[in-house]
Number of protein chains: 2
Amino acid sequence: MTMTHPSHPAVLLAADAVGDVIEYWGFRKALGRVWAVLYLWDGPLSAGDIGERLQMSAGAVSMALTELQRWAVVKRVWLPGERREFFEAEVDLWKMIAKVISERERYLARGVRERLEQAKRMVEESGGGVKGQREKLEKLVSVAQLAEHVIEAFIQSRMADFSTFTGALSGAGEGSAKARKVRLETGRKR
Amino acid sequence: MTMTHPSHPAVLLAADAVGDVIEYWGFRKALGRVWAVLYLWDGPLSAGDIGERLQMSAGAVSMALTELQRWAVVKRVWLPGERREFFEAEVDLWKMIAKVISERERYLARGVRERLEQAKRMVEESGGGVKGQREKLEKLVSVAQLAEHVIEAFIQSRMADFSTFTGALSGAGEGSAKARKVRLETGRKR
DNA sequence: TTGAACTTTCAAAAGTTTCTGAAGATTCAA
DNA sequence: TTGAATCTTCAGAAACTTTTGAAAGTTCAA
């Protein structure tokens with residue numbers, strides 16, 4: 001076994017914190033950690049570098065990078081004279097969260113409302129159901145409808161807040177000389 | 001094995017939908033299902049009743065009821081002449097979600113900010129760290145601080161929205177004659 | 001007291017998610 | 001082409017979560 005060397009403890013600590021944020025929003029913790037290591041490193045890193053720093057297997061790194069690229073929060077970078085692919089963090093991690101959350105919430109709200117409506121219909125068809133049950137189902141349905149509207153409103157305001165975050169992560173300090181020399185390329189296939 | 005009889009399919013469907021909502025917010029699905037069965041049944045139910053309707057083991061029902069009472073969304077009800085304890089749903093399920101979510105978000109945001117701050121300090125102490133790293137950590141910290149404020153603001157507006165939900169679930173149709181006769185009692189010990 | 005009816009607790013089973021590691025695919029220099 | 005370096009995929013391992021079921025605990029009527 002070759003000796004691997006993990007990252008500076010401070011980077012690991014920060015990466016883990018970002019991992020927790022990401023996990024809270026329903027992604028795998030590993031995605032947040034990988035993003036954080038890329039963000040904190042001043043320049044592109046290869047998959048191997050990331051695996052070493054975070055002590056993750058090649059497979060896990062590959063899967064994390066694929067998913068992060070799918071969300072467009074990590075970009076592929078080609079360095080002349082390098083066989084390996086390199087990766088860099090996009091600063092708009094928050095965009096990813098906002099995008100997915102809104103989709104997920106919409107999907108959940110819709111599915112819940114539909115099932116409640118179906119349940120209501122079933123009770124009605126089977127002769128009104130037990131006393132009070134129909135009224136209760138009607139209430140649940142109306143709450144679900146209400147929730148759908150509230151979610152739409154939330155999503156709007158959330159979007160605004162997330163864009164604030166995005167601004168805060170970019171700006172001064174961006175791009176080292178080394179990084180600037182690089183020819184950029186965004187993921188294509190898939 | 002005694003033959004058990006699950007609830008009307010419509011109730012199971014609705015219960016499952018509520019379970020998904022609850023699960024989305026980080027509780028066990030079973031909690032939502034138990035709450036929904038209690039809410040949809042016009043009157044108190046015993047733990048055994050619930051287990052039968054949802055085809056859950058006695059242990060799972062007991063654990064779910066304990067947790068739901070801890071969140072004060074299910075109340076214990078004593079029926080004269082009954083040995084068993086009975087349970088009823090409180091209509092403010094949303095209060096539970098709001099309460100917990102705000103606590104969880106606050107806790108997460110605080111923990112993340114603190115860890116990022118510590119990481120920043122560590123990098124500073126170890127001589128500035130790699131180029132650009134310190135600045136990036138400063139940015140992450142400021143995003144975390146910003147997030148803490150945004151969360152506080154969210155929580156306020158969310159609370160307002162949740163109270164709307166609560167209103168929609170209560171009101172007309174509440175309390176059967178049977179339920180009214182009952183002497184109420186809220187959980188004590190623990 | 002005793003025992004029947006019911007509830008709670010908790011170790012182990014079952015279920016779910018995530019990660020590892022190795023085989024196969026890909027890329028590129030020679 | 002060939003082979004060395006690197007990446008991807010995926011079956012199984014590991015880690016984590018939830019449920020079961022049986023034993024211990026409670027309560028109450030007799």
Side-chain angles (χ1 to χ4, degrees), chain A residues 1-2 4 6 15-16 19-20 22-35 38 44-70 74-87 104 185 187-190, chain B residues 1-2 4 6 15-16 19-20 22-35 37-38 44-70 74-87 185 187-190:
Chain A
M1 270 288 103
T2 59
T4 56
D16 204 61
D20 281 352
I22 277 295
E23 188 179 38
Y24 181 80
W25 293 110
F27 301 89
R28 277 173 304 135
K29 216 172 162 180
L31 301 197
R33 284 198 280 243
V34 168
W35 180 87
L38 284 173
L45 290 173
S46 72
D49 294 337
I50 297 167
E52 250 176 30
R53 279 151 212 265
L54 291 174
Q55 300 285 288
M56 287 167 68
S57 72
V61 172
S62 171
M63 287 188 295
L65 285 172
T66 301
E67 192 163 351
L68 286 169
Q69 280 172 276
R70 215 161 57 73
V74 156
K75 69 187 166 205
R76 198 181 285 259
V77 154
W78 178 70
L79 294 188
E82 278 285 359
R83 167 162 331 193
R84 294 170 295 177
E85 302 270 18
F86 283 76
F87 301 89
R104 262 217 297 267
E185 194 168 85
R188 310 124 280 161
K189 64 180 177 187
R190 267 256 125 181
Chain B
M1 271 288 106
T2 58
T4 56
D16 205 59
D20 281 352
I22 277 295
E23 190 177 38
Y24 180 79
W25 292 109
F27 301 90
R28 276 172 303 137
K29 216 171 162 178
L31 300 196
R33 284 199 279 243
V34 168
W35 180 87
V37 164
L38 284 172
L45 291 173
S46 72
D49 294 336
I50 297 167
E52 249 175 33
R53 279 153 211 264
L54 291 174
Q55 301 285 291
M56 287 168 69
S57 72
V61 171
S62 170
M63 288 188 293
L65 285 171
T66 301
E67 191 163 352
L68 286 169
Q69 280 172 277
R70 212 159 61 72
V74 156
K75 69 188 167 203
R76 197 183 286 259
V77 154
W78 177 71
L79 295 186
E82 278 285 359
R83 166 160 333 189
R84 294 169 296 174
E85 301 271 17
F86 282 76
F87 301 89
E185 194 168 85
R188 308 127 279 159
K189 64 181 176 184
R190 269 255 125 179

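Protein chains get the first letters and strands the later ones, always in sequence-line order, with residue 1 at the start of each. If you're wondering where the values come from, they're calculated on a predicted model, not measured in any experiment.
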(request) Evaluate the side-chain proximity of Leu65(A) to Leu38(A): yes if any heavy-atom separation is below 4.5 Å, no if none is. (result) yes
(message) I need the CG-P distance between Leu79(B) and dC6(C), as an integer number of Å.
(response) 13 Å
(request) Check side-chain contact (heavy atoms from CB on, under 4.5 Å) between Ala30(B) and all other residues, then give those that pass, not counting sequence neighbours. (result) Met56(B)
(request) Please collect all salt bridge (Lys or Arg N to Asp or Glu O under 4.0 Å) contacts where either partner lies in residues 54-66 of chain B, sequence neighbours excluded, each pair once. (result) none
(request) Mind checking side chain to side chain donor-acceptor pair (under 3.5 Å) for Asp49(A) and listing every partner two or more places apart, or none if nothing turns up? (result) Ser46(A)
(message) I'd like to check Arg76(A) versus Phe87(A) (side-chain heavy atoms, cut-off strictly below 4.5 Å). Are they in contact?
(response) yes
Nucleotide N/O to protein N/O under 3.5 Å, stretch nucleotides 17-22 of chain C:
residue : atom : partner  : partner atom : Å
dC19(C) : OP2  : Arg28(A) : NH1          : 3.3
dT20(C) : OP2  : Ser57(A) : N            : 3.2
dT20(C) : OP2  : Ser57(A) : OG           : 3.1

(message) Can you measure Ile50(B) atom CD1 to dC6(C) atom P for me and round it to whole angstrom units?
(response) 14 Å
(request) Report the nucleotide, chosen from dT8(D), dC7(D), dT8(C), that has the shortest atom-to-atom distance to any side-chain atom of Ser62(A). (result) dT8(D)
(message) Please enumerate all residues that pass salt bridge (Lys or Arg N to Asp or Glu O under 4.0 Å) together with Glu23(B), with sequence neighbours excluded.
(response) none
(request) Can you run down the salt bridge (Lys or Arg N to Asp or Glu O under 4.0 Å) pairs that involve residues 57-67 of chain A, sequence neighbours left out, and say none if there aren't any? (result) Arg28(A)-Glu67(A)
(request) Please report, rounded to the nearest Å, how far the P atom of dA4(D) is from the CZ atom of Arg84(A). (result) 18 Å
(message) Expressed as a whole number of angstroms, how long is the span from Asp49(B):CG to dA5(C):P?
(response) 16 Å
Listed pairs, N/O of protein and of nucleotides 28-30 of chain C, under 3.5 Å:
none

(request) Write down the distance between CD (Glu85(A)) and P (dT6(D)), rounded to a whole number of angstrom. (result) 12 Å
(request) Using the test side-chain contact (heavy atoms from CB on, under 4.5 Å), find all partners of Arg83(B) that sit at least two apart in sequence or belong to another chain. (result) none
